[in-house]
Amino acid sequence: MSALTPREIVAELDKFVIGQEQAKRMVAVAMRNRWRRQNLAPELRDEIAPKNIIMMGPTGVGKTEIARRLARLSGAPFLKVEATKFTEVGYVGRDVESMVRDLMEIGINLVREEENARVRAAAEAAAESRLMDLLLPHSFGQEERGSTREKLLQQFRLGFLDEREVEMEVAEQGGKGIDIFAIPGMEQMGGQVRDMFSKAFPPKRSRRKLKLRAAFAILVQEESARLVDQEALTEKARERVEQSGIIFIDEIDKIASSSQNRTSDISREGVQRDLLPIVEGSVVNTKHGMVRTDHILFI
Ligand SMILES: Nc1ncnc2c1ncn2[C@@H]1O[C@H](COP(=O)(O)OP(=O)(O)O)[C@@H](O)[C@H]1O
Ligand SMILES: [Mg+2]
């Protein structure tokens, strides 16, 4: 995606969206400009103000479709939300800032997948080694052990041992845990409290019998988590979200006020009021730290 020119982005969109040339060109240029900005020196980078996009048109002409296709293409953290889902802070429902927290969560998952892929070979090797430790009784002599281990490993790799079982310690799935009930408008606090608790009470581990394949998958996961620096991951994700994140706010006309219905206008105006600073650029507190919204692309 980073290397695509606007023309190439449009060509990609052309495969799925018929017509709507102007809309396709606008989003393509916006994507390209953000990419170019990221390649500038930091002093110059700050000089460039981002442009957000308002897409207008009747129902069913492809607005949402363009956004969806763009998301697939971009590889950037992308979130599509319904404007009608939000209520102003203090009312029951989701507060507007939660869109940034959700985008950060998406960014974290995206980067984690990349990082896991990067360390996969090393994680698998470490997992194989731990699996062999589990399989081989320690009473074996050194030499005997070495060659048996080699043979076992070969058999495992060929899938001959998949039905065998091992006993190992695993973190309990789900468990009882602690449910924190989010106070409306304060979901983010709920998240932070939950985080605090999960650090204070790490998941219980218990011994379980598992088929080799399943055991291997768990070990690979544990080894990946060990090999990936979680702090660096968060930092990378935050950078990605701030510099190339895209939030598509669908049905935004539904929170516009109309002159007929004054009563429901009050909460709509509240949502508008909460939305504006986020779109213009502010800092949102997420459980992964502060996220600046200045250069997030809002469509
Ligand atoms: N220009 C278009 N090219 C291809 N499919 C389209 C186009 N416009 C609408 N559609 C299809 O019609 C349906 C509704 O389109 P959607 O993008 O949700 O419309 P809206 O503009 O209301 O967001 C989707 O399934 C979408 O794939
Ligand atoms: Mg739509």
Side-chain angles (χ1 to χ4, degrees), residues 1-35 50-89 91-107 109-110 187 240-241 244-261 264-281 284 293 295-299:
M1 174 68 195
S2 50
L4 293 184
T5 63
R7 192 185 300 269
E8 287 165 332
I9 297 171
V10 171
E12 276 303 309
L13 292 173
D14 278 342
K15 293 180 188 162
F16 308 101
V17 180
I18 303 151
Q20 309 302 2
E21 302 305 330
Q22 195 193 3
K24 284 187 282 195
R25 204 168 329 116
M26 293 281 291
V27 295
V29 168
M31 293 301 301
R32 181 62 169 188
N33 284 346
R34 298 168 85 236
W35 175 76
K51 292 190 183 70
N52 294 309
I53 296 173
I54 291 189
M55 260 191 229
M56 291 190 291
T59 303
V61 297
K63 298 185 294 296
T64 304
E65 190 65 23
I66 287 176
R68 195 176 299 131
R69 294 298 171 186
L70 189 70
R72 294 251 177 94
L73 223 106
S74 69
F78 183 99
L79 175 71
K80 176 178 166 301
V81 292
E82 304 291 322
T84 49
K85 284 238 177 77
F86 298 112
T87 56
E88 89 187 90
V89 172
Y91 287 78
V92 178
R94 307 215 68 194
D95 64 300
V96 178
E97 285 192 348
S98 68
M99 66 169 80
V100 179
R101 293 195 290 274
D102 290 349
L103 186 67
M104 185 60 190
E105 216 53 57
I106 290 167
N109 289 336
L110 204 77
E187 308 163 302
R240 188 84 62 90
V241 165
S244 58
I246 302 173
I247 297 184
F248 184 85
I249 309 175
D250 213 350
E251 315 278 351
I252 200 163
D253 52 320
K254 303 266 160 50
I255 60 158
S257 17
S258 59
S259 45
Q260 283 94 13
N261 194 349
S264 62
D265 277 358
I266 295 169
S267 99
R268 286 173 181 170
E269 275 169 16
V271 175
Q272 291 177 39
R273 201 172 48 230
D274 292 345
L275 196 55
L276 198 58
I278 295 175
V279 172
E280 294 219 306
V284 173
T293 67
H295 289 279
I296 291 175
L297 174 63
F298 291 91
I299 304 180

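Both counts, for ligands and for their atoms, begin at 1 and track the order of listing. The structure displayed is predicted, hence computed values, not measured ones.
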Give the residue and atom name of whichever protein heavy atom lies nearest to [atom], and the separation in Å to one decimal.
{"atom": "atom 9 (C) of ligand 1", "value": "Gly60 O, 3.3 Å"}
{"atom": "atom 6 (C) of ligand 1", "value": "Gly62 CA, 4.6 Å"}
{"atom": "atom 26 (C) of ligand 1", "value": "Glu65 OE1, 3.6 Å"}
{"atom": "atom 23 (O) of ligand 1", "value": "Thr64 OG1, 2.7 Å"}

Approximate separation, where rounding is to 0.5 Å, of [X] [atom1] and [Y] [atom2]:
{"X": "Ile296", "Y": "Leu103", "atom1": "CD1", "atom2": "CG", "value": "5.5 Å"}
{"X": "Arg32", "Y": "Arg7", "atom1": "CZ", "atom2": "CZ", "value": "12.0 Å"}
{"X": "Met55", "Y": "Thr64", "atom1": "CE", "atom2": "OG1", "value": "8.5 Å"}
{"X": "Leu13", "Y": "Leu73", "atom1": "CG", "atom2": "CG", "value": "6.0 Å"}

If I take every N, O or S atom of Thr64, is at least one of them less than 2.8 Å from the Mg ion (ligand 2)?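 An N, O or S atom of Thr64 is closer than 2.8 Å to the Mg ion (ligand 2), so yes.
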Would you say atom 13 (C) of ligand 1 has a protein heavy atom nearer than 4.0 Å?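 Flag for atom 13 (C) of ligand 1 set to false, no protein heavy atom closer than 4.0 Å.
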Atom 17 (O) of ligand 1 within contact range, any protein heavy atom under 4.0 Å: yes
How about Ile278 and Glu97: do any of their side-chain heavy atoms sit closer than 4.5 Å? yes
Measuring only between side-chain heavy atoms, which start at C-beta, is Ile249 closer than 4.5 Å to Ile299? no
For ligand 1, which atoms sit closer than 4.0 Å to a heavy atom of [X]?
{"X": "Val17", "result": "1 (N), 2 (C), 3 (N), 4 (C)"}
{"X": "Phe16", "result": "3 (N), 4 (C)"}
{"X": "Ile18", "result": "1 (N), 2 (C), 3 (N), 4 (C)"}

Is the shortest distance from a Lys or Arg side-chain nitrogen in Asp250 or Arg68 to a carboxylate oxygen in the other one below 4.0 Å? no
With a 4.0 Å cut-off on N to O distance, would you call Arg69 and Glu65 a salt bridge? yes
May I ask you to check if ligand 1 and Thr59 share an N or O to N or O distance below 3.5 Å?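 No; every N/O pair is 3.5 Å or more apart.
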